[in-house]
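Report on the structure given below.
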Amino acid sequence: MAFVLSKRCQWRPRLFPNLIRISDPSPICLLRLFSSNQDSATGVVDKVSDPNADPTSSEAPTGPEISSSPIGSETVVNQRTPRGKRRNPEKLEDIICRMMANREWTTRLQNSIRSLVPQFDPTLVWNVLHGARNSEHALQFFRWVERAGLFDHDRETHSKIIEILTRASKLNHARCILLDMPNKGVEWDEDLFVLLIDGYGKAGIVQESVKIFNKMKELGIERSIKSYDALFKVILRRGRYMMAKRYFNAMLSEGIEPTKHTYNIMIWGFFLSLRLETAKRFYEDMKNRGISPDVVTYNTMIHGYNRFKLLDEAENLFTEMKGRNIAPTVISYTTMIKGYVSVGRVDDGLRLFEEMKSFGIKPNAVTYTTLLPGLCDAEKMSEAQTMLREMVDKFIAPKDNSIFMRLLSSQCKAGDLDAAADVLKAMIRLSIPTESGHYGILIENFCKAQVYDRAVKLLEKLVEKEIILRPQSTAVIEASAYNPMIQYLCNHGQTGKAENFFRQLMKTGVKDSVAFNNLIHGHSKEGNPDSAFEILKIMSRRGVASDADSFRLLIKSYLSKGEPADAKTALDNMIESGHLPESSLFRSVMESLFEDGRVQTASRVMKSMVEKGVKENMDLVAKVLEALLMRGHVEEALGRIDLLMHSGCEPDFDSLLSILCEKGKTIAAIKLLDFCLERDYSVDFSSYDKVLDSLLAAGKTLNAYSILCKIMEKGGVSSWSSCEDLVKNLNEEGNTKQADILSRMIKGGGKEGSGSKKGKKQASVSA
């Protein structure tokens, strides 16, 4: 590494210049380096290092090789000359700026800079201020070298720091430094105050600019046209044209003559404030004072007339300018083209465009950006395409990237999709960042034209490069673009690709119910109901409405895969979402659950169906009730029967009782019959006999006695053929009281038993 001592210091390499490169690789030459002959070695070194030696003499080496020497003498090696371009040493001011940028401003950093530069000169200080990475570094360095007594600032360093601070909007610091200059023995001049006036103006603080301008007179600083120009620019930028006129008159009263630049500023400001007549009056006053308008004046006037749609006046000025041998610039032509485009005279704009190129004036980015929208509005898409190719060939990128959205939309509207695709390629070649909105226009129109393969390729590129997720994007893809694309992918077995695309859209906050439902449709059709149900959960979390078709397809997908439990879960979600499933859908789920042996789950589906007022599928309801009773889920079955009765759907009790008796399910039968008797449901007399016969056959005499008593209390017949057998069995089992009561009830036709409180009490107790 080399040491840098000052700005003019030469680099001193840490190498030994007296060493000569060895060119002979033979072992003998290598051994000469280790010779012990001091005299010969000293002689050779003296010869090489002698400053008075003739460098052109025959004894001096002419290249990297060395001259022959006697055996036993020491060989001295020359320094190798580095190949390639020699690296430029880093400047001292660059080192200081890098140190300030990479380290905190501490005493240690100050000591490091002080040790690096023992003495500061004006050039070094100015260069450090100029090269500082930000205004804070420059201000710290400026104050430190002064307070540490390392340097006394002069007018140039003061001007530089004021320029830096005003550019960074640190106006109070700049003002304090400016007003403190006389205390340091540095005189003011007008340029320093102009910097501060302009700084306050760019910050939008017009009052302070005016105060600084007025303070110049108080401080004895002579104000010239330069100060007035700076003030005019500040106040006119804010639209204060009346104040500008007052100060203009004050300037004239002070004997300060306006210049061409002054009039250009005034005219520009009046047009900015839409004061057409005032601008024209100042233009005439300028010519009356003998000040010839220049190209800037004409450009300003033409632009002002264009703002008022006065194209005839603008054309006259443009012709006058050329008649006075003032060559129009690219700004002149661009301003006129903009005026023509603003009133729909695109052909005149194209004529001027070709004229400027014929005169060797190269259009710039503003020229192209001005003309292209007019061509799109006039539907001159072939000319727009040609102009875009010129921009690509010359690598001219427009300042406003929104023009590409116009080009894409206009080319697609004209039906030229290839030209629209070329617009996207042009953006890539011009290194303009493409956004999802640009791709969206092409995808939408490719889908409309049913050119889905090209749309899919664009979509793949969009997803692969994650263009949708770019935070700086301003043009977003519209629903009219991504919904047809998602629908196409879902209908053609590419739902996974569609979901990857839509998940990127969801990260940007998209909650499109159409896209969600299309994804559910696609996954369901492809036999991926779990993926579809996951999409459904996302919709629920984000509060996105789902349609009934999505649920229907999801349920059928689960059923086709033999997963009725998941189908039932989807059915419940469908009901919770406010959709009413069809009776066929209820039936499909109930049948699948029933066939899978999930009788209780099927019962819950039946309950939901009845509660929603669906009264079909009663044959399947009977099967579910029968299965519940057969499996011993009597209470659940009775609850479902009660719900059916309240809904006006009466089941076939006789059939249920008959099946239970045949299958020997006497407990279920007696509970069902008891349930019917308590609620006075209609049951056939033969069903009573079947239940009593099955109880008697099963040896459940007391249960048969209890049911028979209830039947007779409800007015049922007592002509049961097996009554005598029941009485006999009761006596044999020792239930003589029940047998005696039953005998009297039979003989008395049920009146004694029904009218005797004692007998009723005993019957109920026995039951």
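Values in this document were obtained by computation on a predicted structure and should not be read as measured data.
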- Give a yes or no answer on whether the side chain of N518 reaches the backbone of V514 with a donor-acceptor pair at less than 3.5 Å. yes

- Item | Test ring-ring contact (aromatic ring centres under 6.0 Å, His included) applied to H153 and F151, step by step | CA-CA 6 Å; H153 290 294; F151 179 75; 5.4 Å; yes

- Test: E277 and R281 ion pair at under 4.0 Å: no

- Answer yes if the side chains of T262 and T259 hold a donor-acceptor pair under 3.5 Å, and no otherwise. yes

- Message: Closer than 3.5 angstrom, by distance alone: can the side chain of D347 be matched with the main-chain N or O of L350 as a donor-acceptor pair?
- Response: no

- If we ignore angles and hydrogens, is there a donor and acceptor under 3.5 Å between the side chains of Q207 and Y200? no

- Message: Heavy-atom count check: over 12 atoms from other residues, nucleotides or ligands less than 6.0 Å from E222 CD?
- Response: no

- Query: Does R454 come within less than 4.0 Å of D418, counting only side-chain N to carboxylate O?
  - Reply: yes

- Message: If we count only N and O atoms by modelled type, under 3.5 Å, do the side chains of N299 and T335 hold a donor and an acceptor together?
- Response: no

- Item | K260 side-chain N/O to S292 backbone N/O, donor-acceptor pair under 3.5 Å | yes

- Short side-chain donor-acceptor distance under 3.5 Å, T370 and K338: no

- Item | With Y263, the side-chain hydrogen bond (donor to acceptor under 3.5 Å, both in side chains) member among D285, T297, D294 | D285

- Task: Return the minimal non-hydrogen interatomic distance between M336 and E315, and the atom names on each side.
- Result: CE-CG, 3.8 Å

- Message: Y439: which residues meet the side-chain hydrogen bond (donor to acceptor under 3.5 Å, both in side chains) condition with it, sequence neighbours left out?
- Response: none

- Which of E257, M251, H261 passes side-chain contact (heavy atoms from CB on, under 4.5 Å) with I225? It is M251

- Between F232 and Y247, is the ring centre distance below 6.0 Å? no

- Item | Expected output: side-chain R175 to main-chain L196 donor-acceptor under 3.5 Å | no

- Check: G339 main-chain N/O paired with S342 side-chain donor or acceptor under 3.5 Å: yes

- Query: Is there a donor in the side chain of E190 and an acceptor in the side chain of S224, or the other way round, less than 3.5 Å apart?
  - Reply: yes

- Rounded distance [0.5 Å steps], OG1 in T474 versus CD in E435: 4.0 Å

- Query: Do N316 and T319 have a side chain donor and acceptor closer than 3.5 Å?
  - Reply: no

- Distance only, no hydrogens: is a donor on one side chain within 3.5 Å (strictly under) of an acceptor on the other, for Y298 and E320? yes

- Check whether the side chains of Y482 and D512 place a donor and an acceptor atom closer than 3.5 Å, and report yes or no. yes

- Item | H438-F404 aromatic ring centre distance below 6.0 Å | no

- Pair E355 + K322: basic N to acidic O under 4.0 Å: yes

- Message: Donor-acceptor check, side chain of D180 to backbone of C176, threshold 3.5 angstrom: yes or no?
- Response: no

- Among V295, I361, I302, I326, side-chain contact (heavy atoms from CB on, under 4.5 Å) partner for S332: V295

- Over-ring placement of R223 relative to F213, 6.0 Å and 45° cut-offs: yes

- Message: Given 3.5 Å as the limit, does a donor-acceptor pair link the side chain of T166 with the main chain of E163, or not?
- Response: yes

- Message: So does N264 get a backbone contact from the side chain of T300, meaning a donor-acceptor N/O pair under 3.5 Å?
- Response: no

